[in-house]
Number of protein chains: 2
Amino acid sequence: MKQKEYQKDDTIGAINRHKILAAAEVEFALHGFAGTRVQHIADRAQLPKTNVLYYFKSKEGLYLALLEDILSLWNGEFDHATVDDDPAIVLANYIADKMEISRTRPDASKIFALEIINGAPNLSGFFKDQHASWMKARVQVIEQWIEHDKLSALDPHYLLFNIWATCQHYADFAIQITELRGKPMDENDFKDATNNLVALILKGCGLAVPDTFITTKTKN
Amino acid sequence: MKQKEYQKDDTIGAINRHKILAAAEVEFALHGFAGTRVQHIADRAQLPKTNVLYYFKSKEGLYLALLEDILSLWNGEFDHATVDDDPAIVLANYIADKMEISRTRPDASKIFALEIINGAPNLSGFFKDQHASWMKARVQVIEQWIEHDKLSALDPHYLLFNIWATCQHYADFAIQITELRGKPMDENDFKDATNNLVALILKGCGLAVPDTFITTKTKN
DNA sequence: CAAAAACTAGACCATTTGGTCAAGGGTTGG
DNA sequence: CCAACCCTTGACCAAATGGTCTAGTTTTTG
């Protein structure tokens with residue numbers, strides 16, 4: 001973070017750091033922090049182990065750097081929504097965003113999940129505070145929507161939890177999903193899943209589903 | 001499994017095995033398989049480490065025994081539902097069951113989640129097959145409900161995934177939830193969350209919410 | 001072009017940790 | 001009461017692994 005600002009992206013160091021982070025993301029997602037071997041990260045990045053330790057002081061240092069990268073994904077459109085916005089549009093887009101992250105960055109999602117399940121031992125107080133205040137602000141907006149009868153009465157906390165839960169699930173439990181569907185989810189399946197989920201949640205909140213999120217299938 | 005059938009529950013061996021399993025559940029949930037120390041399990045069970053290895057041949061043996069216990073939780077009411085049942089009742093009860101497991105056995109839920117996230121390396125083919133055929137049967141019932149216009153059209157797979165996702169979330173992400181709500185969820189909070197979730201999903205499916213799942217609050 | 005800085009890499013080490021062993025203590029059934 | 005079995009326990013070990021050291025190579029910079 002500190003160096004990256006002024007550092008070019010095409011120096012040998014930057015390239016290697018990037019390769020290592022990418023390899024680490026796969027390994028940590030698959031084996032957790034304790035179960036991951038520095039050697040395996042090195043192998044995957046096609047570098048000697050010593051190099052990994054050279055660029056990142058330690059296994060923990062690498063993990064923390066990765067985690068910081070991952071947390072930066074957790075921002076989006078919804079962050080700036082106000083009462084005046086249409087809840088149907090805002091929520092649908094929020095869900096679509098989250099689903100898109102699950103599709104394109106499943107390992108990031110898994111690492112975050114592992115971190116939380118294990119008691120969030122590496123999430124900084126700063127992140128937690130930031131997250132808590134984000135939550136508070138979003139809850140207020142949703143409550144205002146409810147007051148203005150734009151949304152049926154429900155606890156905004158649970159609504160948000162349920163959205164996160166469902167979206168994350170498509171990344172974290174991808175193996176199970178693949179097993180049960182008989183095939184992995186491709187981009188189209190994700191679109192279907194997103195539209196299904198948007199419909200479920202929006203209708204569940206008493207909202208109409210925006211046209212853009214209605215699947216037009218031959219199947220009636 | 002093999003011995004338990006004829007073994008009494010009050011022998012010294014059975015008691016210790018039970019203590020060890022309980023301790024292991026906490027430790028594995030908190031640190032994952034690789035991150036868990038046999039010594040810590042022993043400490044928590046208040047037994048010497050050698051005892052743990054005496055009762056269970058190895059760390060992996062203990063983990064597998066625990067996992068088997070946990071998987072037995074994954075059965076419930078919905079297993080026997082048919083077209084003739086009321087989908088609103090069946091689904092609401094299914095959600096309530098799952099939420100109850102999240103409340104009472106959060107560590108079991110976490111271990112299962114860790115297992116899936118890490119690629120399900122220890123889930124037997126038997127379990128997977130069983131699970132897949134369970135899924136197929138449930139999907140059929142839901143499709144029949146849809147054909148009979150008891151439910152709005154949606155993909156049954158995604159509906160089930162979304163239910164699992166939300167229910168599991170209250171166990172797996174309990175730390176985050178506590179952080180964001182400012183306090184841990186007690187039994188009453190779980191009841192609220194359950195009713196919120198039932199309302200969201202049932203309304204999302206075009207179903208009326210059974211009376212038993214409507215929270216009567218002073219808050220309008 | 002020379003020197004400093006960045007990078008590569010094999011050899012090596014200290015520690016941690018799952019697991020073994022042998023010896024002894026309790027319990028139970030005949 | 002004794003013998004077989006179950007249980008307890010400290011001492012110990014081999015393997016794995018994160019990390020260091022040193023030495024050399026390449027790249028950058030003045």
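Worth saying up front: this structure is predicted, and the values here are computed from it rather than measured. By convention in this document, chain letters (A, B, ...) are assigned in the order of the sequence lines, proteins followed by strands, and residues within each chain are numbered from 1.
Under the 4.5 Å side-chain criterion, counting only non-hydrogen atoms from C-beta, A:Thr166 is in contact with B:Thr166.
Counting only residues at least two apart or on different chains, the salt bridge (Lys or Arg N to Asp or Glu O under 4.0 Å) pairs with a member in residues 175-186 of chain A are A:Arg181-A:Asp189. For residues 130-141 of chain B, the set of pairs meeting the side-chain hydrogen bond (donor to acceptor under 3.5 Å, both in side chains) definition, not counting sequence neighbours, comprises B:Asp79-B:Trp134. Pairs passing the salt bridge (Lys or Arg N to Asp or Glu O under 4.0 Å) check and including a residue from residues 35-54 of chain A, sequence neighbours excluded, read A:Glu27-A:Arg44. The salt bridge (Lys or Arg N to Asp or Glu O under 4.0 Å) analysis of residues 52-66 of chain B, with sequence neighbours excluded, yields no pairs.
Taken residue by residue, residues 48-56 of chain A places heavy atoms nearer than 4.0 Å to DNA chain C at A:Pro48, A:Thr50, A:Asn51, A:Tyr54, A:Tyr55. Remark: A:Thr36, A:Arg37, A:Val38 in residues 29-45 of chain A come within less than 4.0 Å of DNA chain D through at least one heavy atom.
Whole-Å rounding puts the B:Tyr63 OH to C:dG18 C1' distance at 17 Å. Atom C1' of nucleotide C:dA6 and atom CD1 of A:Ile12 are separated by 9 Å, given to the nearest angstrom. The NZ-P distance, from B:Lys19 to D:dT8, rounds to 9 Å in whole Å. Distance CG (A:Leu47) to C1' (D:dT25): 16 Å, rounded to an integer number of Å. Counting to the nearest Å, the P atom of D:dG18 and the CG atom of A:Leu64 are 15 Å from each other. Whole-Å rounding puts the B:Ile15 CD1 to D:dC7 P distance at 11 Å. Regarding B:Leu62, its CG atom lies at a distance of 12 Å from the C1' atom of C:dG18, rounded to whole Å. Atom CD of A:Gln46 and atom C1' of C:dA9 are 16 Å apart (whole Å).
Applying the side chain to side chain donor-acceptor pair (under 3.5 Å) criterion to B:His40, with sequence neighbours excluded, gives no partner residue. With sequence neighbours left out, B:Tyr158 forms a side chain to side chain donor-acceptor pair (under 3.5 Å) with no residue at all. Residues meeting the side chain to side chain donor-acceptor pair (under 3.5 Å) test with A:Asn16, sequence neighbours left out: A:Tyr55.
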Donor-acceptor list for residues 117-128 of chain A side chains, cut-off 3.5 Å, not counting sequence neighbours:
from: A:Asn118; atom 1: ND2; to: A:Leu114; atom 2: O; distance (Å): 3.3
from: A:Ser124; atom 1: OG; to: A:Phe127; atom 2: N; distance (Å): 3.0

Show me, pair by pair, the donor-acceptor contacts under 3.5 angstrom made by side chains of residues 99-112 of chain B, not counting sequence neighbours?
from: B:Glu100; atom 1: OE1; to: B:Arg103; atom 2: NE; distance (Å): 3.4
from: B:Glu100; atom 1: OE2; to: B:Arg103; atom 2: NH2; distance (Å): 2.8
from: B:Ser102; atom 1: OG; to: B:Cys167; atom 2: O; distance (Å): 2.7
from: B:Thr104; atom 1: OG1; to: B:Glu100; atom 2: O; distance (Å): 2.8
from: B:Arg105; atom 1: NE; to: B:Glu25; atom 2: OE2; distance (Å): 3.3
from: B:Arg105; atom 1: NH2; to: B:Glu25; atom 2: OE1; distance (Å): 2.9
from: B:Ser109; atom 1: OG; to: B:Gln168; atom 2: NE2; distance (Å): 3.0
from: B:Ser109; atom 1: OG; to: B:Asp172; atom 2: OD1; distance (Å): 2.9

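Ring geometry for A:His169 against A:Phe173 counts as parallel: the plane angle stays under 30°, on a 0 to 90° scale with 60° as the upper cut.
Scanning DNA chain D for stems, defined as runs of 3 or more consecutive Watson-Crick or G-U wobble pairs whose donor-acceptor distances all fall under 3.5 Å, gives the following ranges: C:1-30 with D:1-30.
A close approach under 4.0 Å does occur between a side-chain nitrogen or oxygen of B:Asn16 and OP1 or OP2 of D:dT8.
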